[in-house]
Amino acid sequence: MRFLYSQEISNGKTSGGVKCHFADGHVLDATWYQEGFILSEGYVKQLKKITGHFTKLMTIENLANYYWFLRKQEKAGKTDCLIFYTAGFLSKNQIRFLESIEKPESLAIHHWGDIDLGGLRIFQQLQGIFPSCQPYHMDVATFTKYEGLRKPVSQEYLAKAQKLLLNEDFSRFKEVLQQIIATREILEQEAELTAIRDEREESGDALAGM
């Protein structure tokens, strides 16, 4: 699996064999790069389209999870997933980059982020670009599974969660928001990696799958 580094300063990693087509006619083939490369802000602004032999697009909020997912895909020998690291909320250049991706109707699009208010808002931001985008590991089952790794939040935070619960734009996350309010906790996606690491340490195979 290859990855492309599309950035303003240091955010927006993408993995997958892709070709970047620029307004002046130049084409940058990213397939060769094993360790990634940097696409500066100026080049992002000149992007016309991004093509590649991928059938899936996965956007990931946090860097550790991005690398873990990348290694997991490599280990499984999968090369059909374009993986994009958002580093939190999307910048204008990241949005431009994502909007440049050629998107056939069959392209499966998912986002994996924190189960907190920021993570839910990032998903909504992405759905503005990709209406068919679906959440990945951002459900009540995941929230419940990692109960011991959740973090407490303030009353002020819970008040904001209550407002989102009344917002129709976040109706798909109604049960998740109800759980955040009921437990007074959130779940950062890195917690899943902590659980995986602990499980592998117990089995004596701490590096497997990473």
Side-chain angles (χ1 to χ4, degrees), residues 11-15 56-73 76 78 81-91 94-95 98 107-203 206 208-210:
N11 55 357
K13 283 184 182 291
T14 309
S15 68
K56 303 171 186 176
L57 170 62
M58 172 69 79
T59 60
I60 299 177
E61 180 179 349
N62 295 303
L63 187 59
N65 295 70
Y66 165 84
Y67 278 119
W68 179 85
F69 192 83
L70 175 64
R71 301 297 176 241
K72 182 181 178 182
Q73 294 287 300
K78 297 179 179 179
C81 186
L82 179 62
I83 310 166
F84 185 87
Y85 162 57
T86 73
F89 286 97
L90 298 174
S91 68
Q94 286 178 306
I95 292 173
L98 291 170
L107 184 65
I109 305 171
H110 292 83
H111 174 67
W112 184 16
D114 296 335
I115 303 181
D116 64 8
L117 303 190
L120 304 188
R121 288 188 175 110
I122 291 168
F123 176 85
Q124 289 302 111
Q125 189 182 22
L126 281 157
Q127 203 168 46
I129 305 170
F130 307 116
S132 64
C133 185
Q134 297 294 320
Y136 177 84
H137 286 201
M138 297 177 69
D139 52 15
V140 172
T142 302
F143 189 81
T144 303
K145 181 178 180 180
Y146 300 104
E147 177 181 1
L149 296 171
R150 300 195 303 242
K151 293 184 176 182
V153 294
S154 67
Q155 190 60 42
E156 181 182 1
Y157 191 98
L158 294 174
K160 293 178 181 178
Q162 288 280 7
K163 289 183 179 180
L164 279 196
L165 187 58
L166 299 175
N167 188 329
E168 285 298 319
D169 291 340
F170 292 85
S171 59
R172 71 157 59 238
F173 293 115
K174 179 180 179 180
E175 293 183 357
V176 168
L177 286 165
Q178 288 174 334
Q179 284 298 305
I180 289 175
I181 294 166
T183 62
R184 298 172 176 265
E185 293 176 328
I186 58 170
L187 179 70
E188 295 179 345
Q189 65 175 151
E190 294 97 330
E192 295 188 53
L193 304 189
T194 299
I196 292 169
R197 181 197 64 204
D198 291 346
E199 289 171 1
R200 296 196 182 283
E201 285 178 350
E202 290 176 5
S203 67
M210 298 300 286

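A quick note: this is a predicted structure, and the numbers were derived from the prediction, not measured. Starting from 1, each residue takes its place in the sequence as its number.
- Scored by the side-chain contact (heavy atoms from CB on, under 4.5 Å) test, Lys160 finds Leu117, Glu156 as partners (sequence neighbours excluded).
- In terms of heavy-atom proximity, Cys81 sits nearest to Met58 at SG-CB, 3.9 Å.
- If you take CD on Gln178 and CZ on Phe173, they are separated by 13.5 Å, rounding to the nearest 0.5 Å.
- The two residues Leu149 and Ala191 have their closest heavy-atom pair at CD1-O, 3.2 Å.
- Taking CG of Leu98 as the reference point, atom CD of Gln125 lies at 9.5 Å (rounded to 0.5 Å).
- Partners of Ala108 under the side-chain contact (heavy atoms from CB on, under 4.5 Å) rule, at least two apart in sequence or in another chain, are Lys56, His110.
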Begin with the C-alpha distance, continue with both residues' side-chain angles, and end with the deciding distance and a verdict on side chain to side chain contact (heavy atoms under 4.5 Å, CB included) for Phe84 and Leu90. CA-CA 11 Å; Phe84 185 87; Leu90 298 174; 4.1 Å; yes
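- We find the CG-CG distance between Leu177 and Leu120 to be 5.5 Å, quoted to the nearest 0.5 Å.
- Side-chain contact between Leu107 and Phe130 is absent, with no heavy-atom pair separated by less than 4.5 Å.
- To the nearest 0.5 Å, atom CG of residue Leu158 and atom OG1 of residue Thr183 are 8.5 Å apart.
- Gln189 meets the side chain to side chain donor-acceptor pair (under 3.5 Å) test with Asn62; sequence neighbours excluded.
- Open room surrounds CD on Glu147; 12 or fewer heavy atoms of other groups in view lie less than 6.0 Å from it.
- Ile186 and Ile180 get closest at one heavy-atom pair: CG2-CG2, 4.2 Å.
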Between side-chain atoms of residues 162-170 and protein atoms elsewhere (two or more places apart, or another chain), which donor-acceptor pairs fall under 3.5 Å?
residue, atom, partner, partner atom, Å
Asn167, OD1, Asp169, N, 2.9

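- Without hydrogens or angle criteria, Glu61 side chain to Asp114 main chain gives a donor-acceptor distance under 3.5 Å.
- Atom CD1 of Ile83 and atom CG of Asn65 lie 12.0 Å apart (nearest 0.5 Å).
- For residues 170-195, every residue pair satisfying the salt bridge (charged side-chain N to carboxylate O under 4.0 Å, His left out) rule, not counting sequence neighbours, is listed here: Arg150-Glu185, Lys151-Glu188.
- Remark: Tyr136 engages Trp112 in a ring pair (Phe, Tyr, Trp, His ring centres under 6.0 Å) (not counting sequence neighbours).
- Aromatic ring pairs are classed by plane angle as parallel below 30°, tilted from 30° to 60° and perpendicular above 60°; the pair Phe123 and His111 is tilted.
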Evaluate the criterion side chain to side chain contact (heavy atoms under 4.5 Å, CB included) for residue pair Tyr66 and Leu63; output intermediate values, then yes/no. CA-CA 5 Å; Tyr66 165 84; Leu63 187 59; 4.2 Å; yes
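- In terms of modelled atom types and a separation under 3.5 Å, the side chain of Gln179 and the main chain of Phe143 share no donor-acceptor contact.
- Proximity of Tyr146 to Thr194: side-chain heavy atoms (C-beta onward) are nowhere separated by under 4.5 Å.
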Run the side chain to side chain contact (heavy atoms under 4.5 Å, CB included) check on Asp116 and Val153 step by step: do they pass? CA-CA 10 Å; Asp116 64 8; Val153 294; over 6 Å; no
